[in-house]
Amino acid sequence: TRDRDRPYGPPPPAAADDRARAVALHYNARPQATVVTRQDSPIYQLRCFNNWVKAVLFQTYLRRNDRVLDMGCGKGGDLQKYRQADIRELYAFDVADKSIDQATERFQTMRNARFRAQFRAVDCYNTSIEPHLPRDQGFDVVSMQFCMHYAFSSEQQVRQMLANVTARLRPGGFFIGTCPNANTIVRKLRHADGLEFGNSIYTVKFTQKDEYPVYGHEYSFRLVDAVDDCPEYLVHWPSFVKMAREYRLDPIAHQGFHHFYTQHIDRHRDLFVRMKVVTPDSPTLPADQWEAAGLYSIFAFQKTD
Ligand code: SAM
């Protein structure tokens, strides 16, 4: 029977916290890879490349003894990088509670962790993270890796996210991250015959290509062995930079992964090899994985006084 109180027409858009729940379900459902299964992955080198990008980004912006807030930490894939950076303290949040459990366990079993860490399951785009933070403590760096774009379903969520990023970031501190590059994605969409594009390892699917709203511009993303048709949102960069300035964040870097690689590879080639992005058997990134890497950008902002 039809719900008599509901008007005819399409169902109402999902509430913001329903969307956050759907993202949490998606990431909670992904199993934790072991070292062996990771190496068998069809996107092994892409994962290593993404880790190399994050490691170089950390080397650029993190300092010894820093206090770091990670909003969207996932299963704790960056813990070793924080150890390498020799930070003093980490607060790591994610909306997916099972991912937080795994991150906590990973930290507890980590050898030589010279920093303190707190993990919490928190929706960082729909709620204030204030109650989960220690009183009167500032952070030197806020890191958001491969997760900020989930906030762009609405302006309200982006504002909540920015309020959380900046509430405790000290003046001069950095807000750094990685996220899909809307320019690259839209360019590929415009060149596509239909509403989707991709290659053997990824697919990006839109429902229309006539309108480009600043918020809530949804597409579905599939990356083999990583993301199964998860709804994501384009990040309209000029609007984001304008809004970030309202929160006293000055843009200092925004660069596609391909350019980032060109700029940093000479200085960080050893790390590239150590992190197994390339091996004697596979001395370059396979073309499909390289193309998928090109969908992403790094970014950095600095908090003003
Ligand atoms: N940062 C980790 C990394 O680089 O490995 C995880 C990245 S994973 C692609 C995206 C993460 O964003 C997921 O763990 C997801 O649960 C988290 N996320 C999405 N929406 C969130 C929200 N509203 N609050 C906190 N975390 C969120």
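Side-chain atoms are counted along with the backbone in the values below, which use heavy atoms only and exclude waters and symmetry mates. When a ligand or atom number is given, it counts from 1 through the structure's own listing order. None of the values given here were measured: they were computed from a predicted structure.
- The main-chain N or O of I87 is never found under 3.5 Å from a side-chain atom of D66 such that the two would form a donor-acceptor pair.
- Judged as a side chain to side chain donor-acceptor pair (under 3.5 Å), the pairs with a partner in residues 183-194 (not counting sequence neighbours) are, in order, K188-E291.
- Just one residue in the list Q263, R269, H268 forms a side-chain contact (heavy atoms from CB on, under 4.5 Å) with I265, and that residue is R269.
- A distance limit of 4.0 angstrom between heavy atoms and ligand 1 selects the residues V23, Y27, K54, G72, C73, G74, D94, V95, A96, V122, D123, C124, Y125, Q145, F146, C147, Y150.
- Shown here are the side chain to side chain contact (heavy atoms under 4.5 Å, CB included) partners of A292, two or more places apart in sequence or in another chain: L46, I201, Y202.
- Within the structure, the side chain to side chain donor-acceptor pair (under 3.5 Å) test picks out the following pairs touching residues 271-283 (sequence neighbours left out): Q45-S282.
- A donor-acceptor contact closer than 3.5 angstrom is absent between the side chains of Y91 and R67.
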